[in-house]
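As the structure is a computational prediction, the values presented were derived from the model and not from experiment.
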Amino acid sequence: MTESRAGVVPVAICVPARDEAASLPGLFAALELLDRRDVSPVLCLLLDSCEDASADVVRDYGARASLPVMVEHMVQPGANAGRARHAAMLLGLSALGGEGLLLSTDADSTPAPDWLQAMVAGARRADIVAGKVVRTVTRPNPLQDRIERYYEALHAIRRVLDPVAWEATTSHHHASGANLGLPTAAYRTLGGFLPLSHGEDARLVDDAARAGLRVRRDAASVVHTSDRRLGRVAQGLAGALRALDRDSDAIAVAHPEDVAWQYRRHAEARHAFAGGDYPSLAAAIGLTTDHVRGVARDCANAEAFAMCVVPTPPAGMRQVTLAEAEAALASMAAGRRAA
């Protein structure tokens, strides 16, 4: 990560906004409270096909903001989260002059006051930082809470079975464009957010790991986001919450034993890459040694190899009810404690 000679980190806060006049004042208020010690931030707003008063709200804030504000307008026929987020990041690249730290968040989100400090600290230890996103609860959804607790517990097992030096002391399971940061060089290496209607953030993080970049899921970096049920894309968080409100019986999650199988194989793959013991790994994951060696030749480091070579479990990735998954995970945890 590039810093100025004075030790100040240039940061671009990149925000796509589509008809967010009602939400933007909350974001702006949070930005004014950010701790900016040794950080030089610029706000880069991408107004995506806005038909409300978003431009007026931005103009009013720009006249009184305590940080530089860059604004760009884009018109696209339909909502496309990936295209809009990439355009916001390109604006950030331009604002930074090519070097610095790109941060992504959303117009309906509010970063914690220490957000910049936490993201800069994380970026010094890893290539991409996925911060924690906390829902602002205006309408309770106990089922979503249970799903999040399940995946949090599952991720905790991951770093027991497959520890890595760059992971945060307090971690979490998800990756969201509402709280994501990476240096400009890493963003260019990855080619940016893909023009996907949804899931562009998780895809970027997955691609980063497969490219051998160190992904740090850091719970010290917190952004609060809206729990609204009407969002800007059909299959974002708002749509997921709306679906849970309607039909709680349709929830299926990955079986923890199958996920844990992958975590163990990731750890074995890292060791194999370091020591060259590919026959043992090949036998464990059901591939030929030649195939495993071929994958290794194409990988830059152990992280890329682990993410690229490990397949789904031999019996597939089972989908079970949340209750079944919770019970299986509790049984696994009890077995580890007994051991």
S.K.: Quick one: closest heavy-atom pair of A175 and V205, and the distance?
M.R.: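 Looking at all heavy atoms of both residues, the closest pair is CB-CG2, 3.7 Å.
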
S.K.: Work out which heavy atom in V310 is nearest to a heavy atom in A269; give both atom names and the distance.
M.R.: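 Closest pair (atom of V310, atom of A269, distance): CG2-CB, 4.3 Å.
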
S.K.: Go through it in stages, so that I can follow the logic: the residues are R214 and E303, the test is side chain to side chain contact (heavy atoms under 4.5 Å, CB included), and I'd like the CA-CA distance, side-chain angles, deciding distance and then a yes or no.
M.R.: CA-CA 7 Å; R214 299 164 299 169; E303 174 69 5; 5.8 Å; no

S.K.: For the residue pair N179 / S221, report whether a side-chain donor-acceptor contact shorter than 3.5 Å exists.
M.R.: yes

S.K.: Can you tell me how far CD1 of I157 sits from NE2 of H155, rounded to the nearest 0.5 angstrom?
M.R.: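 It is 11.5 Å, given to the nearest 0.5 Å.
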
S.K.: Looking at every non-hydrogen atom in both residues, tell me the closest pair between P183 and L101 and how far apart they are.
M.R.: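 Smallest interatomic distance, heavy atoms only, reads N-CD1, 3.7 Å.
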
S.K.: Do H224 and S109 have side-chain atoms, one donor and one acceptor, less than 3.5 Å apart?
M.R.: no

S.K.: Does any pair with a residue in residues 74-127 pass ring-ring contact (aromatic ring centres under 6.0 Å, His included), and if so which ones, sequence neighbours excluded?
M.R.: H86-Y187

S.K.: What are the two closest heavy atoms between T105 and A178, and how far apart are they?
M.R.: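 It is OG1-O, 2.7 Å.
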
S.K.: Treating Q117 as the side-chain partner and R37 as the backbone partner, does any N or O pair qualify as donor plus acceptor under 3.5 Å?
M.R.: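 Flag set: sc Q117 to bb R37 pair under 3.5 Å.
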
S.K.: When you compare the side chain of L180 with that of F193, does any pair of heavy atoms fall below 4.5 Å?
M.R.: yes

S.K.: Can you tell if the side chain of L46 reaches within under 4.5 Å of the side chain of C14, non-hydrogen atoms only?
M.R.: no

S.K.: Quick one: does any side-chain atom of D218 pair with a main-chain N or O of V129 as donor and acceptor, under 3.5 Å?
M.R.: no

S.K.: Would a distance-only check, ignoring hydrogens and angles, find a side-chain to backbone donor-acceptor pair under 3.5 Å from D108 to S23?
M.R.: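 No.
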
S.K.: Should L67 and V57 be counted in the same cluster of Ile, Leu, Val, Met, Phe, Trp and Tyr side chains packed under 4.5 Å apart?
M.R.: yes

S.K.: Can you tell me how far apart CE (M119) and CZ (R216) are? Round to the nearest 0.5 Å.
M.R.: 10.5 Å

S.K.: What residue pairs, at least two apart or across chains, pass salt bridge (Lys or Arg N to Asp or Glu O under 4.0 Å) with a residue in residues 161-178?
M.R.: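 Applying salt bridge (Lys or Arg N to Asp or Glu O under 4.0 Å) to every pair that reaches into residues 161-178, excluding sequence neighbours, yields R159-D162, R159-E167, D162-R270.
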
S.K.: Counting C-beta onward and ignoring hydrogens, is there a side-chain heavy-atom pair between D35 and P113 closer than 4.5 Å?
M.R.: no

S.K.: Ignoring hydrogens and angles, state whether a donor on the side chain of D52 or S54 is under 3.5 Å from an acceptor on the partner side chain.
M.R.: yes

S.K.: Does R203 reach the side chain of L196, with side-chain heavy atoms less than 4.5 Å apart?
M.R.: yes

S.K.: With a 3.5 Å distance limit and no angle check, can you tell me whether E72 reaches the backbone of L91 through a side-chain donor-acceptor pair?
M.R.: no

S.K.: Provide the closest heavy-atom pair for H255 versus A328 in the form atom of the first, atom of the second, distance.
M.R.: CE1-CB, 3.7 Å

S.K.: Determine, step by step, whether E148 and R135 satisfy the side chain to side chain contact (heavy atoms under 4.5 Å, CB included) criterion, reporting the C-alpha distance in whole Å, the side-chain angles of both residues, the deciding distance to 0.1 Å, and the verdict.
M.R.: CA-CA 11 Å; E148 292 179 2; R135 285 176 294 119; 3.0 Å; yes

S.K.: Does any N or O in the side chain of D201 come within less than 3.5 Å of the main-chain N or O of S176, such that one atom is a donor and the other an acceptor?
M.R.: no

S.K.: Between R265 and W261, is NZ or CZ placed under 6.0 angstrom from the six-membered ring centre and within 45° of the ring axis?
M.R.: yes

S.K.: Could you check whether any side-chain N or O of R210 sits under 3.5 Å from a backbone N or O of C308, counting only pairs where one atom can act as donor and the other as acceptor?
M.R.: no

S.K.: Give the cluster check for Y150 versus L161: same hydrophobic cluster or not, with ILVMFWY residues linked at side-chain heavy-atom distances below 4.5 Å.
M.R.: yes

S.K.: Do L45 and L102 sit in one hydrophobic cluster, given that two such residues count as connected whenever their side-chain heavy atoms are within less than 4.5 Å of each other, even indirectly?
M.R.: no

S.K.: From D48 CG over to E20 CD, what is the distance, rounded to the nearest 0.5 angstrom?
M.R.: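 Separation between the atoms: 10.0 Å.
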
S.K.: Taking D258 for its side chain and R318 for its backbone only, find out whether a donor-acceptor pair lies under 3.5 Å.
M.R.: yes

S.K.: Could you state whether L93 and L194 fall into the same hydrophobic cluster, counting links through intermediate Ile, Leu, Val, Met, Phe, Trp or Tyr residues with side-chain heavy atoms under 4.5 angstrom apart?
M.R.: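 L93 does not cluster with L194.
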
S.K.: Residues in side chain to side chain donor-acceptor pair (under 3.5 Å) with R36, at least two apart?
M.R.: S66

S.K.: If you round to the nearest 0.5 Å, how far is CZ of R18 from OG of S49?
M.R.: 4.5 Å

S.K.: Would you call V222 and V133 a side-chain contact if the rule is heavy atoms closer than 4.5 Å?
M.R.: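 When only atoms from C-beta onward are counted, V133 and V222 do not touch, as no gap falls below 4.5 Å.
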
S.K.: Without hydrogens or angle criteria, can the side chains of S104 and R85 be said to hold a donor-acceptor pair below 3.5 Å?
M.R.: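 On atom types as modelled, these side chains qualify, holding a pair under 3.5 Å.
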
S.K.: Would you kindly say whether S280 and D277 are connected by a side-chain donor-acceptor distance under 3.5 Å?
M.R.: yes

S.K.: If I take atom CE from residue M70 and atom CG from residue L96, how far apart are they, to the nearest 0.5 angstrom?
M.R.: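 Answer rounded to 0.5 Å: 9.5 Å.
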
S.K.: Do you know the tightest heavy-atom contact between A208 and V215?
M.R.: CB-CG2, 4.2 Å

S.K.: Say whether L213 and W166 are linked into one hydrophobic cluster, either directly or through other cluster members, by side-chain heavy-atom distances under 4.5 angstrom.
M.R.: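 No; tracing contacts between hydrophobic side chains, which count when under 4.5 Å, never links both residues.
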
S.K.: What pairs with H173 under ring pair (Phe, Tyr, Trp, His ring centres under 6.0 Å), at least two apart in sequence or on another chain?
M.R.: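 Ring pair (Phe, Tyr, Trp, His ring centres under 6.0 Å) list for H173, sorted by chain: Y151.
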
S.K.: If we only count heavy atoms from C-beta on, is the V39 to V8 side-chain gap below 4.5 Å?
M.R.: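 V39 vs V8: side chains apart.
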
S.K.: For H172, enumerate each residue passing the ring pair (Phe, Tyr, Trp, His ring centres under 6.0 Å) test, keeping only those at least two apart in sequence or located in another chain.
M.R.: H174

S.K.: For residues P41 and L116, determine if any side-chain heavy atom of one lies less than 4.5 Å from a side-chain heavy atom of the other.
M.R.: yes

S.K.: Looking only at side-chain N and O atoms, does E268 offer a donor or acceptor that is under 3.5 Å from a partner on Y263?
M.R.: no

S.K.: Does L154 form a side chain to side chain contact (heavy atoms under 4.5 Å, CB included) with R158? I'd like the steps, not just the answer.
M.R.: CA-CA 6 Å; L154 196 55; R158 177 184 191 182; over 6 Å; no

S.K.: For F273, enumerate each residue passing the ring pair (Phe, Tyr, Trp, His ring centres under 6.0 Å) test, keeping only those at least two apart in sequence or located in another chain.
M.R.: F305

S.K.: Can you check whether R217 reaches T170 side chain to side chain, under 4.5 Å on heavy atoms?
M.R.: no

S.K.: Between T110 and A30 (side chain of the first, backbone of the second, donor and acceptor by atom type, cut-off under 3.5 Å), is there such a pair?
M.R.: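 No, T110 side chain to A30 backbone: no donor-acceptor pair under 3.5 Å.
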
S.K.: Can L43 and L31 be said to form a side chain to side chain contact (heavy atoms under 4.5 Å, CB included), step by step?
M.R.: CA-CA 9 Å; L43 174 61; L31 296 182; 3.8 Å; yes

S.K.: What distance separates L24 CG from D19 CG, expressed to the nearest 0.5 Å?
M.R.: 10.5 Å

